[in-house]
Colleague: 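There's a structure below that I have some questions on.
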Amino acid sequence: MNRRTFLKTASLAGASAAVLSETVKAGASLSSVGRQASDVRQPMILSTWDFKLPVNQTASRTLQEGGTLLDAVEKAIKIVEEDPRITSVGYGGYPDRDGHVTLDACMMDERGNAGSVVFLEHIMHPISVARLVMEKTPHVMLAGVGALQFALAQGFHKEDLLTEEAKKAYAEWLKKSNYLPPINEQNHDTIGLVAMDASGNLAGGCSTSGAAWKMRGRVGDSPLIGAGLYVDNEIGAATSSGLGEAVIKVAGSFLVVELMRNGKSPAEACRLAIERIIQKQPKYKDVQDFLVGFIAIDKQGEVGAFSYRKGFQYSLLRDGVNNVIDAEYVMK
Ligand code: ASP
């Protein structure tokens, strides 16, 4: 059972999703959405996938209650990290091929500050550690045991993040130990979230357990500033999900923001970034189930998304309503 199938059957998820979200099937009609004059005092929150959790709503409420953009991003992402049913982020994430859950996360704020942790083990909330790397160290990125040491020094506690469900899935995978395809429907779904506050400032964050059954030490795009996330408060913000290796090779989220700087709409920028991946690395066309998706927001509050393959969804909260939208795509 994959994450989405699992969540469909989970009563809590079903109940909260029914109240909090509407699914919009026509990606085309909402994939490029402008900010109305009446929105000006309303936050806008854009995030990858439909986690069937009040992710965008938490970010929006945090802003409305006077929290900062970073508070909003962090609180929203923590909801996904701590949910054991999500097998692609934080607690409950599927392990690497040696059976270890290793986590990657990053954050970027409206002033261009950035923080990131990679290959972090035993810490429930890598997004919070990434924020502290940004706020309390002169560095941008901490890795592995160094990141863990820093987290413990900041008061985080070591936890076992491998759930029984993940252990079972791992045991099943071990029977064949087949690592191909590298990312498919079962083994991806990063939370990437970008938020715009009432003043039009932008920030974002990204958190993942990465590709299931990955090589030990593998780090994807998600914690890399410019790959899995990029925020330029003068222009816009973008984040990604899917096969991290493909995103890294084109500095994907930075590329989307730069395309917006050059006048492209968020939807066009996301589409061009997907096309760039395929143009530069046509071999990905032959990878079964290959998927990369980008979401973006520009400084005017226009939103867009694009995916290589059908199936990528994103969640957009505007005017106080959260919609789950099917992204446009290249391949069925
Ligand atoms: N982009 C993530 C990674 O490559 C995976 C995902 O989005 O599901 O680690």
Side-chain angles (χ1 to χ4, degrees), residues 2-4 6-7 46-51 55 77 80-81 83 85-90 92-97 100-106 116-121 126-127 130 141 143-144 161 166 169 179-194 204-230 238-256 270 273-274 277 281 284 287-296 305-309 311-315 327 329:
N2 67 31
R3 185 186 67 76
R4 263 170 260 147
F6 173 76
L7 286 176
L46 179 65
S47 59
T48 52
W49 303 105
D50 172 16
F51 285 94
V55 176
I77 290 179
V80 186
E81 289 180 335
D83 194 316
R85 297 167 303 175
I86 310 292
T87 58
S88 48
V89 179
Y94 283 168
D96 63 18
R97 57 175 60 182
H100 305 281
V101 179
T102 73
L103 305 175
D104 302 328
C106 73
S116 161
V117 287
V118 303
F119 193 45
L120 174 63
E121 294 180 74
I127 195 69
M141 185 181 290
L161 302 179
Y179 188 53
L180 292 172
I183 293 269
N184 65 24
E185 171 96 353
Q186 279 81 44
N187 72 7
H188 68 77
D189 284 5
T190 290
I191 173 71
L193 181 144
V194 290
C206 198
S207 182
T208 192
S209 52
W213 335 131
K214 61 195 173 187
M215 286 179 70
R216 182 140 177 82
R218 181 265 188 190
V219 172
D221 58 324
S222 305
L224 304 184
I225 299 298
L229 175 76
Y230 198 70
T239 184
S240 62
S241 185
L243 182 61
E245 283 75 2
V247 177
I248 293 170
K249 288 174 196 164
V250 299
S253 292
F254 182 72
L255 175 61
V256 171
C270 292
I274 295 290
I277 290 173
Q281 301 274 310
Y284 283 128
V287 175
Q288 195 192 345
D289 295 339
F290 167 69
L291 186 147
V292 166
F294 291 103
I295 58 174
F306 208 81
S307 171
Y308 180 68
R309 185 172 298 283
F312 180 54
Q313 293 184 307
Y314 63 104
S315 303
Y329 51 87

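Read the numbers this way: they start at 1 and go in the same order the structure lists the ligands and their atoms.
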Colleague: Would you indicate which of Thr190, Ile191, Thr48 comes nearest to atom 7 (O) of ligand 1 when only heavy atoms are counted?
Modeller: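 Checking each option, the heavy atom nearest atom 7 (O) of ligand 1 is found in Thr190.
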
Colleague: Among Arg218, Lys214, Arg216, exactly one meets side-chain hydrogen bond (donor to acceptor under 3.5 Å, both in side chains) together with Thr102. Which residue is that?
Modeller: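 So, applying the side-chain hydrogen bond (donor to acceptor under 3.5 Å, both in side chains) to Thr102 and each of Arg218, Lys214, Arg216, only Lys214 qualifies.
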
Colleague: Look at ligand 1 and say whether Arg218 reaches it with a heavy atom at a distance under 4.0 Å.
Modeller: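 Under 4.0 Å: yes for Arg218.
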
Colleague: Number the atoms of ligand 1 from 1 as they appear, then name those within less than 4.0 Å of a heavy atom of Asp189, with their elements.
Modeller: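 In order of number, 6 (C), 8 (O).
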
Colleague: Closer than 4.0 Å to some heavy atom of Ser241 - which atoms of ligand 1 meet that?
Modeller: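 Those qualifying, in numeric order: 6 (C), 7 (O), 8 (O).
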
Colleague: Under the side-chain contact (heavy atoms from CB on, under 4.5 Å) rule, what do Asp221 and Ser240 come out as? Steps first, then yes or no, please.
Modeller: CA-CA 8 Å; Asp221 58 324; Ser240 62; 2.7 Å; yes

Colleague: Taking distance alone, with no angle check, do Gly244 and ligand 1 share an N/O pair under 3.5 Å?
Modeller: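 The answer is yes, given that Gly244 and ligand 1 share an N or O pair closer than 3.5 Å.
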
Colleague: I'd like the name of whichever of Asp221, Thr208, Asp104, Ile248 reaches closest to atom 3 (C) of ligand 1 through any heavy atom.
Modeller: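 Looking at heavy atoms only, the winner is Asp221.
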
Colleague: Any idea which atoms of ligand 1 are less than 4.0 Å away from a heavy-atom of Ser222?
Modeller: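 Listed by number with element: 1 (N), 2 (C).
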
Colleague: Please name the residue in the list Ser222, Pro126, Cys206 that meets the side chain to side chain contact (heavy atoms under 4.5 Å, CB included) test with Cys106.
Modeller: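 Between Cys106 and the candidates, side chain to side chain contact (heavy atoms under 4.5 Å, CB included) is satisfied uniquely by Cys206.
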
Colleague: Considering Gly242, Ser88, Gly252, which one's heavy-atom position lies nearest to atom 5 (C) of ligand 1?
Modeller: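 Closest candidate by heavy-atom distance is Gly242.
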
Colleague: Looking at Phe294, Tyr314, Phe312, which hits side chain to side chain contact (heavy atoms under 4.5 Å, CB included) with Ser307?
Modeller: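 Exactly one option meets the side chain to side chain contact (heavy atoms under 4.5 Å, CB included) with Ser307, and it is Phe312.
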
Colleague: So that I know where these two stand, are Tyr308 and Phe290 an aromatic pair - ring centroids less than 6.0 Å apart?
Modeller: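 Close enough - the centres of the two rings lie under 6.0 Å apart.
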
Colleague: Before you tell me yes or no, could you show the steps for Leu103 and Ser207 under side-chain contact (heavy atoms from CB on, under 4.5 Å), namely the whole-Å CA-CA distance, both residues' side-chain angles and the distance that decides it to 0.1 Å?
Modeller: CA-CA 8 Å; Leu103 305 175; Ser207 182; over 6 Å; no

